[in-house]
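Right, one structure below, let's go through it.
Positions are given from 1, in the same order as the sequence printed here. Note: hydrogens, waters and symmetry copies are ignored here, and every other heavy atom, side chains too, is used. Atoms within each ligand, like the ligands themselves, are counted from 1 in listed order.
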Amino acid sequence: MSTILLAGGAGYIGSHTAVELINAGYDVIVADNYANSSPESISRVEKITGKKIALYEADVSNAADMEKIFSKEHIDAVIHFAGLKAVGESVQKPLLYYRNNIDTTLTLLETMAKYNVNNIIFSSSATVYGEANKVPYLETMPRGECTNPYGWTKSMMEQILTDAAAADEALSVVLLRYFNPIGAHESGMIGEDPQGIPNNLMPYVTQVAVGKRECLTIFGNDYPTKDGTCTRDYIHVVDLAKGHVKAIGYILSQDKCCDIFNLGTGTPYSVTEIVETFERVNGVKVNHIYGDRRSGDLAECYANADKALEVLGWKTEKTLEDMCRDSWNWQKQNPNGYRG
Ligand code: NAD
Ligand code: UD1
């Protein structure tokens, strides 16, 4: 069976993808510098799957660190999750974001070329559609203007990978544009473990529900949407992880490809619907108030997910109820994340 290197694989999406790849029979190697994670997530993946994972503490932007892995391991494909992802922090520290995120991509591509590894799948984001495109987003739409440096790094890295694929006839690239991943593995053993105050909605909701934070502020209720709050395409992280397994099967079956796929459900839910569903499914209260809009937020964001179904044979299976239940299950079992 093929061996897949997960760069940034100790993080939220990487750890769930490791489980699904192992379940599908792949061998997995993880490289991470724990900038936003810990090796504990990989210990837990090993417990869930009963398989040992080759785990390297390594900076993916550092050529010497990558050499150590590529010279030792036989790698068939790379999934590139490694990157910094806090939107607000990227506005404060743009150079850190450009340096880290773009260097990881360049170093990976250079090392792959040296060791004749020709398949890379990249974690991109719906944020690259920008503000001008109309929902639902289609892969054929042009990338737009991003509202923050984090988003620009994704857009630039898509361009770098596309240019590299055009120049190198052996290199295959798949760009996966994630919508809003939430939820956790059904065991509750792995999940999202944000440091400090969460930026994203679901970790904030679960921390209010568990009593770590007082009250959720819903950013704006005067948007032109069904109930005035923003709508997003929330996707269960296990469905997202399974999308990577399909993408690996696809890239390994092609002589050459350069493809983009949206990974979303195609169904938007509002912030209020998320809070209400979370309360109903879990029988808990989520204190919330309505506040001002957050700058940079779009009223609506959701995918047209037809291409992933047609080409990869992938579609989401889990419901919003599953997402809310599994997010809560993880939070309850791990009130302080991987720190116990
Ligand atoms: P995460 O922070 O949990 O995982 C990213 C991992 O990369 C972390 O384990 C971090 O320690 C590691 N990392 C960062 N810089 C590194 C470096 N130089 N060398 C080695 N490891 C490094 O985030 P996630 O939610 O799992 O996201 C994975 C990828 O998907 C990221 O690239 C992110 O930008 C992208 N993405 C995430 C979302 C989302 O909502 N979670 C949405 C769209 C795209
Ligand atoms: C955000 C980023 C996006 C990134 C994605 C995944 C912004 C502007 N966008 O997307 O670039 O790819 O995360 O990391 O930051 N909300 C509240 N109260 C909260 C938190 C969120 O009402 O405390 C609302 C937001 O206004 C939004 C929805 O919940 O309508 C989802 O927010 P969030 O989880 O931060 O994701 P996005 O904003 O979609």
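Side chain to side chain, Tyr137 and Arg177 fail the donor-acceptor criterion of an N or O pair below 3.5 Å. Using modelled atom types, one finds a donor on one side chain and an acceptor on the other under 3.5 Å when comparing Glu89 with Tyr97.
Side chain of His16 to main chain of His185: a donor-acceptor pair is present (N/O by atom type, distance under 3.5 Å, no hydrogens or angles).
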Test side-chain hydrogen bond (donor to acceptor under 3.5 Å, both in side chains) applied to Thr265 and Asp233, step by step: CA-CA 6 Å; Thr265 65; Asp233 187 335; 2.8 Å; yes
Pair Thr107, Asp59 - check side-chain contact (heavy atoms from CB on, under 4.5 Å), show working. CA-CA 10 Å; Thr107 303; Asp59 182 341; over 6 Å; no
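Sorted by chain and number, the residues within 4.0 Å of ligand 2 by heavy atom are Val87, Ser125, Thr127, Tyr150, Asn180, Asn199, Asn200, Leu201, Leu216, Thr217, Ile218, Phe219, Cys230, Arg232, Tyr234, Val271, Arg294, Gly296, Asp297. Sorted by chain then number, the residues whose non-hydrogen atoms approach ligand 1 to under 4.0 Å are Gly8, Ala10, Gly11, Tyr12, Ile13, Asp32, Asn33, Tyr34, Ala35, Asn36, Ser37, Ala58, Asp59, Val60, Phe81, Ala82, Gly83, Lys85, Asn100, Thr104, Ser123, Ser124, Ser125, Tyr150, Lys154, Tyr178, Pro181.
Trp314 pairs by the ring pair (Phe, Tyr, Trp, His ring centres under 6.0 Å) definition with nothing, not counting sequence neighbours. For Glu145, the salt bridge (charged side-chain N to carboxylate O under 4.0 Å, His left out) test picks out no residue, with sequence neighbours left out.
Each of Arg213, Gln331, Lys212, Glu192 was evaluated against Thr206; a single residue qualifies, Gln331, per the side chain to side chain donor-acceptor pair (under 3.5 Å) test.
For an aromatic pair to be called close, the ring centres must be under 6.0 Å apart, and Tyr204 with His288 fails this.
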